[in-house]
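Inspection log for the structure reproduced underneath, given as C-alpha cells.
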Amino acid sequence: MGAAMRRIHVGNALSAFGLGFTVPYLYVYVAQVRGLGAMTAGLVLAVFAVAALVVLPFAGRAIVRRGPLPVLLAALVTAALGALSLGIASSAAAVLVSASLLGAGQAVMQPALATMIVDCSSAETRSRAFAMQFFLQNLGLGVGGLIGGHLVDTTSAASFTLLFAIEAAMFLLLVVVMVTVRMPHAPRIEDAPKASGGGSWKQLLGNRAMVQLCVLGFVLFFACYGQFESGLSAYGVEAAGISTSALGTALAANTLMIVVAQFAVLRFVERRRRSRVIAAVGLIWAVAWAVAGYAGLGHGSQEMATAAFVSTYALFGLGEAMLSPTVAPLVADLAPEGMAGQYNSAFALVKQLALAVGPAVGGPLGASLHAPYIVAFLVFSLGITVLAVRLGRQLTDVQDQPWLAKSRVVARGGAPVSADV
C-alpha cells in the first residue's frame, strides 16, 4: 500500500472505532438516560436514515466536482459537531437536530472514503483494498463497542457524554490524518464515455448493469444487514427463546467470522467471477435462514436452538466477507471516468433505503409471524442468486473477471457483452 492508502485505512478504522462507542447504546441513552422515552429514541434512529437519504443524492455530485477529500473533511466536521451536541443534548428537539448532523456526516463519509480507495488503487489492488476496509470497519466497531460497554453507566449521563466526546475526537483526529493525504490523479479508464455534470444521474440510470447492481444491492442489504438487530433478533427471542447474552454471542460470532475469514476468503474470490461469488453468497444466506428456521421451529433442545442461531450469524458473516472484495470494487469499475463518487453515493443511497425498510418490515414479521418470516427471507436469499446470475450477463469480461485486465486499468462503464460471458 502507498502512503495515501495507509492513511485512508487508518481513517476507516478510526471512524468505525468512534461509531462503535455510541451506536450500540444510542437507544438506551435517549430513552432512559435522558428520559425522553421510547418514541423519541425511535425517532432518533429514524432521523439517521432520513438524514442519509437527504444528503446522499447531493454528495455524489459534490465528490465529482470537488473531489472526495474536501467532501470527507466537511462530513467529518459535521459528524463531530453532531456527536458533541448529542452528548450534551437534554431535550427532544436538541437530540433530533444533533442526530441529523451526525447521521448526515456519517452517511457522506462512506462514499467519500470509497472513492478515495478507488483513486488510490489499481485493478490488481482494488479488491484487497476494499477487503481491508471492511475488515478494519468491523474490527473498529467491535473494539469501540467493547471499550464503550466498560465505560458506560446507565445511571450517569456524564458517562454517555464521555462516549460521544470520544466519538467526536475520533472524527477530528481523522480530519488531521486526512489533511496529510496527497491524493493521486484519478486513473484514466480506457474507452469510458465522458460524463456531463448535469446529466450524471440520467447517465447512471441509463447504465443497465449499474441499475441491476443497485436492485441486487437493495435485496442484499434488506435481507441481511437490515435484519441483524431487528427482525432476526426479534425472531430469535420470540421463536427460539434466545437469551440476550446468547444474542450478544451471535453478534460476536458474526464479527469474529468476518475478522478470521476475510483474507482467507479473499484468496478464494479473487480468481472467481464476481457475479458467481455474489450468487454463492445468496445460497450461503439461504442455508443461514434454513438454520435459523430450525432454531425457532425445529422443536429441538434449547442448546441446539442457541447453537443454530449463533451459526446463522456466523454464516451471514462468511457471506459478508465474500461480498466486501466483490461488490464495492464492481461499483467502481462500472463507473465512467471521473464518476466514481456519483456511483458510490448512489449505491450508498440504495444501502440506506434497504436499512430503513428492512427493520420496518422484518421487525414485526420476525416477532409474530415466525414461519412466514423465515420462508420470506429464504426466498429473498435465493433471489440474490438469481439477480447475480442476471447481472453477470450485463458485465464485460474485465468487470466480471478483473484479473483479466492484468497490467491495465479495469475498463469502467463499458458496453455489456454477450449473455454467454
Side-chain angles (χ1 to χ4, degrees), residues 7-8 10-31 33-34 36 40-41 43-63 66-116 137 140-141 144-145 147-148 151-152 157-181 341 345 348-349 352:
R7 286 175 172 80
I8 293 168
V10 169
N12 274 302
L14 286 175
S15 63
F17 181 67
L19 289 170
F21 272 91
T22 61
V23 168
Y25 317 108
L26 189 58
Y27 184 91
V28 173
Y29 170 68
V30 176
V33 177
R34 290 300 181 184
L36 298 176
T40 301
L43 285 174
V44 167
L45 297 177
V47 161
F48 273 89
V50 171
L53 296 179
V54 170
V55 299
L56 281 172
F58 304 99
R61 181 169 295 183
I63 292 172
R66 303 295 182 184
L69 184 55
V71 175
L72 175 63
L73 295 178
L76 289 169
V77 172
T78 301
L81 290 174
L84 281 174
S85 58
L86 193 56
I88 60 175
S90 57
S91 67
V95 165
L96 291 172
V97 171
S98 301
S100 66
L101 289 173
L102 179 57
Q106 179 186 342
V108 175
M109 287 181 212
Q110 299 176 32
L113 283 167
T115 305
M116 292 176 72
Q137 282 178 342
L141 283 170
I147 297 175
L151 294 177
V152 73
S159 68
F160 283 88
T161 301
L162 174 62
L163 292 189
F164 284 105
I166 293 173
E167 181 180 31
M170 291 299 103
F171 292 143
L172 294 177
L173 178 59
L174 182 50
V175 169
V176 175
V177 172
M178 289 293 107
V179 166
T180 66
V181 173
S345 294
L349 179 62
Q352 288 297 327

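Between S345 and I63, the shortest heavy-atom distance links the atoms OG-CD1, 3.9 Å. Shown here for L349 and P57, the closest heavy-atom pair between the two residues is CD2-CG, 4.1 Å. Closest non-hydrogen pair, F160 versus V33, comes out as CE1-CG2, 3.3 Å.
Taking CG of L36 as the start and CG of L43 as the end, the distance is 10.5 Å to the nearest 0.5 Å. Atom CG in L96 sits 9.5 Å away from atom CG in L86 (nearest 0.5 Å). Taking OG1 of T78 as the reference point, atom CG of L73 lies at 10.5 Å (rounded to 0.5 Å). Summarising the geometry, atom CG belonging to L172 is positioned 11.5 Å from atom CG belonging to L14; distances are rounded to the nearest 0.5 Å. Atoms OG and CD, on S15 and Q110 in that order, are 9.0 Å from each other to the nearest 0.5 Å. The CE atom of M178 sits 7.5 Å away from the CG atom of L69 when rounded to the nearest 0.5 Å.
T180 meets the side-chain hydrogen bond (donor to acceptor under 3.5 Å, both in side chains) test with R7; sequence neighbours excluded.
In this structure, R34 contributes its side chain and A89 its backbone to a donor-acceptor pair below 3.5 Å. Between the T161 side chain and the G87 main chain, a donor and an acceptor come within less than 3.5 Å of each other.
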Can you list, pair by pair, the side-chain donor-acceptor contacts under 3.5 Å of residues 163-170, counting residues two or more places apart and other chains?
unit_1	atom_1	unit_2	atom_2	d
E167	OE1	T22	OG1	3.2
E167	OE2	T22	OG1	3.2

Contacts table for residues 97-109: side-chain donor-acceptor under 3.5 angstrom, sequence neighbours left out:
unit_1	atom_1	unit_2	atom_2	d
S98	OG	S85	OG	2.8
S98	OG	A94	O	2.8
S100	OG	V97	O	2.5

